[in-house]
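Read through the structure below, which is laid out as structure tokens, and then see the notes.
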Amino acid sequence: MLKNLFKIDKSTNCKSLEKIIFLDIDGVMNHEHSTEDMDGACLYQLKRIIDCTGAKIVLTSSWKMYYLRGDENPVKLYFEKRLHSFGLELFDIAPHIGSGKRALEIKQWLAEHKNYKSYVIIDDNMFPGFQKMKEHLCLTNWSNGGLTKECADMAINILNQS
């Protein structure tokens, strides 16, 4: 199960869980004009969100399957290398419930981690269940540059409302 991948001490008063970014990759960290799977401009905006909020990244993308496999595959290594090149790191990954069930996966993660104040979902798809979470949703667009400055500003506002 996913809990074995990351060691999170739930018993402490952990300030690091106060703000959470539930992050998709395709259509968020890349777009139709990207030359890489994780575009530098999108990574810059993600870093700006974290610098302004102190939030932690929880991966919700289908890319999380590379972590579930447990091996040191090239996609997982590439993802971590690109994050590190911007001074970023992955905090956790959302559980895998099934294809198209991203809202349920996020709800389960939140139920298991009670010490958060705010969260934002950054995704390019309106998954079933996201409508009920729309005040936390920052929708990006594959055709309009993925995670743009405007989307990042919205995410910062959502995270800093608490």
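Computed from heavy atoms alone, side chains included, the values below leave out hydrogens, waters and symmetry copies.
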Do NZ/NE/NH1/NH2 and the carboxylate oxygens of K64 and E105 come within less than 4.0 Å?
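Yes.
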Got a salt bridge between D123 and R102, using NZ or NE/NH1/NH2 to carboxylate O under 4.0 Å?
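Here D123 pairs with R102 in a salt bridge, since their nearest N and O are under 4.0 Å apart.
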Which heavy atom of L159 sits nearest a heavy atom of K19, and at what distance?
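Shortest heavy-atom contact: O-CE, 3.4 Å.
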What closest approach, in Å, do A103 and P128 show between heavy atoms, and which atom pair accounts for it?
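What the structure gives for the nearest pair is CB-O, 3.3 Å.
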Could you check whether any side-chain heavy atom of [X] comes within less than 4.5 Å of a side-chain heavy atom of [Y], counting everything from C-beta outward?
X    : Y    : answer
F22  : V120 : no
L46  : F86  : no
H113 : D92  : yes

Which ring-ring contact (aromatic ring centres under 6.0 Å, His included) pairs, counting each pair once, include a residue from residues 29-56, with sequence neighbours left out?
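For residues 29-56, and leaving out neighbouring residues, there are no ring-ring contact (aromatic ring centres under 6.0 Å, His included) pairs at all.
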CD1 of I121 to NE2 of H136: how many Å apart, nearest 0.5 Å?
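Taking CD1 in I121 and NE2 in H136, the distance rounds to 7.5 Å.
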Distance in Å, T60 OG1 paired with H96 NE2, rounded so as to fall on 0.5 Å steps:
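Between T60 OG1 and H96 NE2, I get 12.5 Å after rounding to 0.5 Å.
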Sidechain-backbone polar pair: T140 side chain, L147 backbone, donor-acceptor under 3.5 Å:
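Such a contact is absent between T140 side chain and L147 backbone.
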Return the set of residues passing side chain to side chain donor-acceptor pair (under 3.5 Å) with N30 (not counting sequence neighbours), or none when no residue passes.
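Partners of N30 by the side chain to side chain donor-acceptor pair (under 3.5 Å) criterion, ordered by chain and then number, come out as D26.
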Just checking M154: does its CE atom have more than 12 heavy atoms from other residues, nucleotides or ligands closer to it than 6.0 angstrom?
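Counting other residues, nucleotides and ligands, CE of M154 stays at 12 neighbours or fewer.
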Y67 and E80: side-chain donor and acceptor closer than 3.5 Å?
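Per modelled atom types, Y67 and E80 side chains form a pair under 3.5 Å.
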Given D37 and R82, is the salt bridge (charged side-chain N to carboxylate O under 4.0 Å, His left out) satisfied, shown in steps?
CA-CA 9 Å; D37 287 329; R82 286 298 283 158; over 6 Å; no
Ring geometry between F127 and F130 (parallel below 30°, tilted from 30 to 60°, perpendicular above 60°)
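Ring orientation, 0 to 90° scale: perpendicular.
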